[in-house]
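Structure first, commentary second.
Below, all heavy atoms of this structure are taken into account, side chains as well, without hydrogens, waters or symmetry copies. Residue numbers run from 1 in the order of the sequence given.
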Amino acid sequence: MADTKVKAASKKPTASKATNGSAAKAAKGKSNGVTTVAQPDPVMPGTDKPTAAASGSATTVPASTATFPKETYLQWYEQMQLMRKFEDKAGQLYGQQKIKGFCHLYIGQEACVAGQVSALEKGDKYITAYRDHAHPLALGTSPNAVMAELFAKATGCSKGKGGSMHMFDKEVGFMGGHGIVGGQVPMGAGIAFAEKYNKTGKLCICSMGDGAVRQGALHEAFNMAMLWKLPVIFVIENNGYAMGTSVARTSNVTDLYKIGLSYDMPSEPVNGMRVEDVHEAVARAAERARAGEGPTLLEFKTYRYKGHSMSDPAKYRTKEELEDYRHRDAIEGVRHTILTNNFATEADLEAIDERIKAAVQESVEFAENSPYPTPDELYKDVYVQADYPYIHD
């Protein structure tokens with residue numbers, strides 16, 4: 001999947017795009033005693049009003065004119081459906097206590113990853129925070145290995161030692177999910193430094209949540225990345241709430257892409273609910289990085305349908321707000337484009353869905369039947385030196 005690189009007609013950011021996030025900020029809504037404050041609106045210029053989706057519900061979908069090849073839309077559909085159905089199943093298994101510890105689902109944000117993968121090249125590196133199940137899946141890591149990691153089994157992609165928040169798969173260029181808020185930002189800059197130093201022609205794309213922008217390490221990394229013109233794309237996945245507090249209640253600057261401007265870093269907002277926009281923005285940033293022009297900051301305006309983690313009831317937002325964003329679902333948007341342009345039939349898409357359901361179910365069975373790590377694994381993968389002289393009691 002990660003090998004595919006497609007190009008569409010060049011779409012340069014316009015002045016209107018730089019201020020679009022401000023349009024919906026003033027509104028405050030009350031429902032069932034809950035007040036929502038200044039949520040970022042991911043619907044940007046060029047997005048249509050609600051129209052009938054395949055399911056019959058009113059859904060805001062992008063214009064039906066295809067700007068990418070048929071193969072790309074089908075790839076996006078399959079990738080995003082895999083992420084969605086995998087995460088749905090993970091949520092069910094967590095409720096059954098088969099998955100323990102923390103579990104942060106990516107449901108609703110799938111376009112953010114799918115658009116990155118289609119825009120970048122094999123050999124580029126990816127690093128993110130702890131909402132990290134979708135990244136390796138889109139890059140080609142086996143669902144079996146991801147599910148086994150959630151089960152803390154030895155066959156997991158981190159050998160059962162990382163769990164939900166610390167997925168790694170260097171074979172596909174995934175440099176991990178990281179549990180320290182903002183900790184991956186300087187690491188992403190460091191990975192980019194290594195790529196530049198070794199003259200690989202590759203880059204690092206570093207994703208973070210909107211809560212991570214309060215960390216001082218981000219500013220240090222931004223400064224060094226610009227100073228040394230590192231090939232890194234910084235991505236803020238702004239789903240509006242950090243953990244459970246809206247951006248407007250924690251920051252005077254609510255258009256978070258503007259943070260990059262203080263470092264003269266090319267920065268722009270992106271509709272993170274539209275995979276075409278994500279791809280195009282990442283492709284532009286990648287072109288700059290590979291040309292030696294340094295980093296870019298992209299703010300993906302997106303939304304998570306679930307709480308911050310499985311333990312979060314998300315009472316800080318209204319049901320109406322959640323439904324509003326569900327009506328802009330990225331998967332339904334791609335589905336609409338595929339059907340409108342006769343790229344596939346309903347039966348074709350149903351066959352893809354059934355294949356994905358089977359793969360997810362297979363991953364559950366694989367995880368349940370896999371062994372747990374043995375005690376001696378405690379002493380492995382800690383140091384490069386294989387025979388490190390541990391002191392045992």
Side-chain angles (χ1 to χ4, degrees), residues 1-2 4 21 39-44 47 60 62 68 72-73 75-87 104-120 124-139 141 167 172-178 184-185 188 203-213 232-242 247 256-257 267-286 296-306 308 325-326 328-334:
M1 293 180 182
T4 304
Q39 280 314 104
D41 191 343
V43 174
M44 296 187 174
T47 305
T60 303
F68 290 86
T72 302
Y73 280 99
Q75 173 184 299
W76 282 336
Y77 182 81
E78 186 160 354
Q79 282 182 328
M80 291 195 289
Q81 280 287 53
L82 175 59
M83 297 178 218
R84 178 71 58 87
K85 294 184 184 302
F86 184 95
E87 293 287 64
H104 306 81
L105 303 181
Y106 207 72
I107 299 172
Q109 300 183 204
E110 293 88 354
C112 296
V113 169
Q116 289 179 36
V117 173
S118 61
L120 297 181
D124 289 333
K125 305 300 190 296
Y126 297 72
I127 190 170
T128 190
Y130 44 80
R131 197 179 302 278
D132 62 345
H133 311 161
H135 294 72
L137 289 173
L139 285 166
T141 302
M167 301 277 179
V172 298
F174 186 55
M175 310 306 283
H178 297 265
Q184 77 279 15
V185 181
L203 58 81
C204 178
I205 186 162
C206 175
S207 300
M208 69 201 82
D210 45 283
V213 302
V232 57
I233 304 171
F234 294 110
V235 170
I236 302 171
E237 294 178 336
N238 183 2
N239 59 34
Y241 285 106
V247 172
L256 301 180
Y257 72 93
S267 306
E268 64 174 296
V270 181
N271 183 353
M273 303 298 281
R274 190 167 188 269
V275 67
E276 296 95 331
D277 289 6
V278 171
H279 174 103
E280 290 173 344
V282 172
R284 288 193 296 270
T296 299
L297 175 62
L298 302 175
E299 179 189 356
F300 292 170
K301 305 232 177 183
T302 185
Y303 199 79
R304 53 174 163 79
Y305 299 162
K306 301 294 184 180
H308 171 70
Y325 280 90
R326 282 187 181 277
R328 313 168 193 190
D329 189 75
I331 300 177
E332 285 296 330
V334 169

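The number of heavy-atom neighbours closer than 6.0 Å to NZ of Lys306, taken from other residues, nucleotides and ligands shown, is 12 or below.
Of all non-hydrogen atoms in Leu139 and Val117, the two that sit nearest each other are CD2-CG2, 3.9 Å. Taking both residues in full, the closest heavy atoms of Val185 and Cys206 are given as CA-SG, 3.7 Å, listed atom of the first, atom of the second, then distance. Residues Arg131 and Leu105 approach most closely at NH1-O, 2.8 Å, considering heavy atoms. The minimum heavy-atom distance linking Gly272 with Ala111 is given by the pair O-CB, 3.5 Å. Nearest heavy atom pair, residue Tyr325 against residue Met273, reads O-CE, 4.0 Å. Contact detail for Asp277 and Val270: the closest heavy-atom pair is O-CG1, 3.6 Å.
In this structure, CE in Met80 is found 10.0 Å from CD in Glu332, a value given to the nearest 0.5 Å. Note that CG of Asp124 is 12.0 Å distant from CE of Met175, once rounded to the nearest 0.5 Å. Distance check, rounded to the nearest 0.5 Å: NE2 of His308 to OH of Tyr130 gives 3.5 Å. Here His133 contributes atom NE2 and Leu82 contributes atom CG; the two are 13.0 Å apart, rounded to the nearest 0.5 Å. If you take CZ on Arg284 and CG on Leu298, they are separated by 8.0 Å, rounding to the nearest 0.5 Å. Atoms CE and CD, from Met208 and Gln184 in turn, are 6.5 Å apart once rounded to the nearest 0.5 Å.
Tyr305 carries Arg326 over the face of its six-membered ring, with the cationic atom under 6.0 Å from the centre and within 45° of the normal.
Of the possible polar contacts, none joining the Asp210 side chain to the Ile236 backbone as a donor-acceptor pair under 3.5 Å is found. Between the Asn238 side chain and the Lys301 main chain, no donor and acceptor come within less than 3.5 Å of each other. Side chain of Gln116 to main chain of Cys112: a donor-acceptor pair is present (N/O by atom type, distance under 3.5 Å, no hydrogens or angles). A donor-acceptor pair is defined here as one N or O able to donate and one able to accept, closer than 3.5 Å; no such pair exists between the side chain of Glu87 and the backbone of Ile107. Between the side chain of Asn239 and the main chain of Thr302, no donor-acceptor pair closer than 3.5 Å is present.
Note on ring orientation: taking the six-membered ring where Trp is involved, the planes of His279 and Phe68 are perpendicular (angle over 60°, cut-offs 30° and 60°). Between Phe174 and His135, the angle of the ring planes stays under 30°, which puts this pair in the parallel group of the 30/60° scheme.
For Tyr73 and Glu276, the side-chain atoms include at least one donor-acceptor pair closer than 3.5 Å.
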For side-chain contact (heavy atoms from CB on, under 4.5 Å), just list the numbers for Ile233 and Leu203, CA-CA rounded to whole Å, side-chain angles, deciding distance to a tenth of an Å, and then say yes or no.
CA-CA 8 Å; Ile233 304 171; Leu203 58 81; 4.2 Å; yes
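Applying the side-chain contact (heavy atoms from CB on, under 4.5 Å) test between Gln81 and each of Lys85, Gln79, Met83 identifies Lys85 as the sole match.
You'll find the side chain of Phe300 stays beyond 4.5 Å of the side chain of Ser207, heavy atoms only. In this structure, Tyr77 and Ile331 have side chains that are in contact, with non-hydrogen atoms separated by less than 4.5 Å.
Residues satisfying the salt bridge (charged side-chain N to carboxylate O under 4.0 Å, His left out) test with Glu110, not counting sequence neighbours, are Arg84.
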